[in-house]
Amino acid sequence: MKPEIKLHDKTFVPFIPYEKVCEAIDTLAEKINADYKDTTEPPVILCILNGSIMFTGELMKRLDFDCELVSMKVSSYDGIESTGKIRQVMGLTGSLRGKKVIITEDIVDTGNTIDALVSIARSEGAADVRICSMLLKPDVYKKTIPIDYVAMSIPNRFIVGFGLDYNELGRNYKDIYVLKSE
Ligand code: 5GP
Ligand code: MG
């Protein structure tokens, strides 16, 4: 890991190394594999672009049941703050009708995004909707819908790397970095 990275006007320092992220995803994948081992109809993995792209890839490599992949793009963050308003930036790349859907997210913060995503999936005819997030900020999460699968919980800090960005930069780092406190 780099001792620090600079993105736009902010500095970030090491937080979670890639190896730790992978270990957490190993454990998570085992749980999902066990839950879906007897499923006959292939479930749909719904990748929420752009933040979840690396997590979804890393997770899918470990899934050992047949599954489809659909993506969509939403946006709620501006800089380092959640705006609370979810914008659908790109529609679904495939059908969810009658499917068991596993929504894969990078991080659940207030839960506004996941709340909106579950509504969209249901209105698109999904037969079952589960939420799978790489990260959860339990101190900030204020919704009641259960997050079915979480790889790691973190404190309320702003992070980048492993798909997560600060104004579109930082997604390419494989390790996770946290905003340096001033
Ligand atoms: P929520 O709607 O739950 O408040 O926010 C979820 C979305 O906000 C995530 O999908 C992610 O795009 C973004 N987000 C939340 N926390 C962070 C963070 O610490 N770092 C980054 N880069 N994005 C975050
Ligand atoms: Mg996101």
Side-chain angles (χ1 to χ4, degrees), residues 1-2 4-18 20-21 24-25 28 45-60 69-93 101-123 129-182:
M1 282 178 101
K2 293 173 190 288
E4 60 175 43
I5 55 173
K6 284 195 183 358
L7 303 171
H8 301 292
D9 58 335
K10 303 213 183 296
T11 304
F12 296 82
V13 292
F15 191 53
I16 311 172
Y18 177 66
K20 279 265 174 306
V21 176
I25 299 175
L28 184 67
I45 307 297
L46 178 56
C47 172
I48 309 305
L49 303 173
N50 288 326
S52 173
I53 198 158
M54 254 196 221
F55 168 58
T56 304
E58 212 51 83
L59 178 71
M60 281 187 78
L69 175 65
V70 173
S71 302
M72 75 178 284
K73 183 169 178 180
V74 294
S75 174
S76 75
Y77 251 61
D78 185 19
I80 61 167
E81 299 285 345
S82 178
T83 62
K85 285 187 225 86
I86 312 314
R87 290 185 304 126
Q88 191 170 337
V89 189
M90 185 189 93
L92 291 159
T93 60
V101 174
I102 305 170
I103 300 174
T104 53
E105 253 289 43
D106 48 2
I107 186 163
V108 175
D109 186 346
T110 61
N112 288 325
T113 305
I114 217 70
D115 208 45
L117 290 170
V118 169
S119 302
I120 293 170
R122 292 221 175 98
S123 70
V129 184
R130 292 196 194 174
I131 302 163
C132 173
S133 184
M134 174 168 72
L135 300 162
L136 170 68
K137 294 182 185 170
D139 301 341
V140 199
Y141 185 63
K142 54 174 194 218
K143 302 283 178 185
T144 50
I145 35 167
I147 313 298
D148 304 277
Y149 303 105
V150 178
M152 282 175 290
S153 288
I154 61 163
N156 186 20
R157 308 274 303 275
F158 185 77
I159 56 151
V160 293
F162 206 84
L164 289 130
D165 71 307
Y166 167 49
N167 283 345
E168 296 307 327
L169 297 183
R171 296 192 195 277
N172 53 304
Y173 291 99
K174 71 184 187 3
D175 305 290
I176 295 177
Y177 294 80
V178 66
L179 182 62
K180 190 174 176 180
S181 35
E182 269 98 51

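For ligands, and for the atoms within them, numbers begin at 1 and follow the listed sequence.
Interface of N112 with ligand 1, defined as ligand atoms under 4.0 Å from a residue heavy atom, comprises 2 (O), 3 (O). Near T110, with a cut-off below 4.0 Å to any heavy atom, the atoms of ligand 1 are 1 (P), 2 (O), 3 (O), 4 (O). For ligand 1, the atoms sitting less than 4.0 Å from at least one non-hydrogen atom of E105 are 10 (O), numbered in the order shown with element in parentheses. The atoms of ligand 1 that sit less than 4.0 Å from any heavy atom of R157 are 19 (O).
Using a non-hydrogen distance threshold of 4.0 Å, G111 registers as a contact of ligand 1.
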Distance-only donor-acceptor pairs under 3.5 Å for side chains of residues 170-178, two or more places apart:
residue: R171; atom: NE; partner: E168; partner atom: OE1; Å: 3.3
residue: R171; atom: NH1; partner: G163; partner atom: O; Å: 2.9
residue: R171; atom: NH1; partner: D165; partner atom: OD1; Å: 3.4
residue: R171; atom: NH2; partner: D165; partner atom: OD1; Å: 3.4
residue: R171; atom: NH2; partner: E168; partner atom: OE1; Å: 2.9
residue: R171; atom: NH2; partner: E168; partner atom: OE2; Å: 3.3
residue: D175; atom: OD1; partner: Y18; partner atom: N; Å: 2.7
residue: Y177; atom: OH; partner: K2; partner atom: N; Å: 3.0

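A donor and an acceptor atom, one from each side chain of N156 and Y141, are nowhere located under 3.5 Å apart.
Below 3.5 Å of separation, one finds no N or O of Y166 facing any N or O of ligand 1. The shortest N or O to N or O distance between V160 and ligand 1 is not below 3.5 Å.
The option from D165, N167, T113, V178 that lies nearest to atom 22 (N) of ligand 1, judged by heavy atoms, is D165. One option in E168, K143, K137 has a heavy atom closer to atom 19 (O) of ligand 1 than any other, and that option is K137.
For I120, the side-chain contact (heavy atoms from CB on, under 4.5 Å) test picks out M72, Q88, E124, with sequence neighbours left out.
In D106, the part holding a heavy atom less than 4.0 Å from any atom of ligand 1 is the side chain.
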